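First up is the structure itself, then whatever we jot down about it.
Here the structure is a predicted model, which is why all the values come from computation and not from measurement. Numbering of ligands and ligand atoms starts at 1, following listing order.
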Amino acid sequence: MTRTTAAPIDGYLGKSLFPLPQTNQLRALHTVIRDRDASRQDFVFYSERIIRLLVESALDLLPFEPRDVRTPVGAVYRGLDFAADLVGVPVVRAGESMEGVLREVCRSIRIGKILIQRDKVTKLPHLYYSALPADISRRHVLLLDPMLATGGTALEAIRVLLEHGVAEERIIFINLITVPEGITAVCERHPAVRIVTSAIEEKLNENAYMLPGIGDFGDRFFGTDK
Ligand code: PRP
Ligand code: URA
């Protein structure tokens, strides 16, 4: 039996939900990592290429301010500068797969951690640990988790951020693969949170894995699968 969803997600597009353009290149990258026979080396390399696209796209949702610079030929380029202080917050463990790329793109970014694990049987999230910068409430948060399935983990991570004074509209959730159930769970409760994703799957199966999906992302990325 598979769980199906009739959850309409179109209403969230451009407000809470920002999928990457489904280009042939992106689909080719996904094809490599969806393949159950992909080597771990390929899985990591091609996942990180997609993560880079996601990070660059998420940065586009941040506030900017005008900044003029003089070019080598003496003219003025009327440009822009980032106008927000950031913190990256990976949800341990799988979210840590995204930390390296974020650090490459945003050098010296602050990094917080939230450790949440789904119970192996109930699939309900359990919060074990969090460590966040003391001034997180004045920062914009890039929340990192490659998987948004039932939404339980994301809701728990967002709860922790709100408890630390972060405004909903300052949370950008960077995600590799999601499903309508997870999108609906987050967007109904927290409409000002923005989700940037590279793929929206069809549905969840009875074990709360996404279909067609990717299997257990953390196990494949970190090499702990059987
Ligand atoms: C996975 C994944 C997400 C969560 C998503 O974590 O990394 O955090 O499941 O599922 P949900 O939307 O149904 O809550 P998991 O607990 O399996 O641990 P891992 O990070 O060690 O893989
Ligand atoms: N976590 C994963 O790693 N994969 C899924 O399909 C769902 C949650």
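Regarding atom 8 (O) of ligand 1, its nearest protein heavy-atom neighbour is D145 OD2, 2.5 Å. In this structure, atom 11 (P) of ligand 1 lies nearest to the protein heavy atom T150 OG1, 3.4 Å. When only non-hydrogen protein atoms are considered, atom 5 (C) of ligand 2 lies nearest to Y209 CD2, 3.4 Å. In terms of protein heavy-atom proximity, atom 18 (O) of ligand 1 is nearest to Q117 NE2, 3.2 Å. In terms of protein heavy atoms, atom 6 (O) of ligand 1 is closest to R118 CG, 4.5 Å. When hydrogens are left out, the protein atom nearest atom 21 (O) of ligand 1 is R93 NE, 2.9 Å; that is the closest non-hydrogen contact. Scanning the protein heavy atoms around atom 14 (O) of ligand 1, the nearest turns out to be T153 OG1, 2.6 Å. The nearest heavy-atom contact from the protein to atom 7 (O) of ligand 1 is A94 CB, 3.1 Å. Scanning the protein for heavy atoms near atom 6 (O) of ligand 2, the closest one is M210 N, 2.9 Å.
Annotation: the span from I174 atom CD1 to S57 atom OG amounts to 8.5 Å, rounded to 0.5 Å. In this structure, CD in E188 is found 12.0 Å from CD1 in I183, a value given to the nearest 0.5 Å.
At a threshold of 4.0 Å, the pair R220-D225 does not count as salt-bridged, since none of the basic side-chain nitrogens sits closer than that to a carboxylate oxygen. Looking at K113 and E96, a side-chain N of the basic residue comes within less than 4.0 Å of a carboxylate O on the acidic one, giving a salt bridge. With respect to R93 and D219, a salt bridge is recorded, a charged nitrogen being found less than 4.0 Å from a carboxylate O. Salt bridge absent: R52 and E48 never bring a charged side-chain N and a carboxylate O closer than 4.0 Å.
Between H30 and A199, the closest heavy-atom pair is CE1-CB, 3.7 Å.
For residues 63-99, every residue pair satisfying the ring pair (Phe, Tyr, Trp, His ring centres under 6.0 Å) rule, not counting sequence neighbours, is listed here: F64-F82.
The nearest non-hydrogen atom to atom 7 (C) of ligand 2, considering only G218, G152, A208, G182, comes from A208.
Looking at ligand 2, you'll find an N or O of G215 within less than 3.5 Å of one of its N or O atoms. The distance criterion of under 3.5 Å between nitrogen or oxygen atoms is met by F217 with respect to ligand 2.
G151 counts as a contact of ligand 1, since one of its heavy atoms falls under 4.0 Å from the ligand. Between R118 and ligand 2 there is a heavy-atom distance shorter than 4.0 Å.
Ring centroids of F173 and F18 are separated by 6.0 Å or more, keeping the two rings apart.
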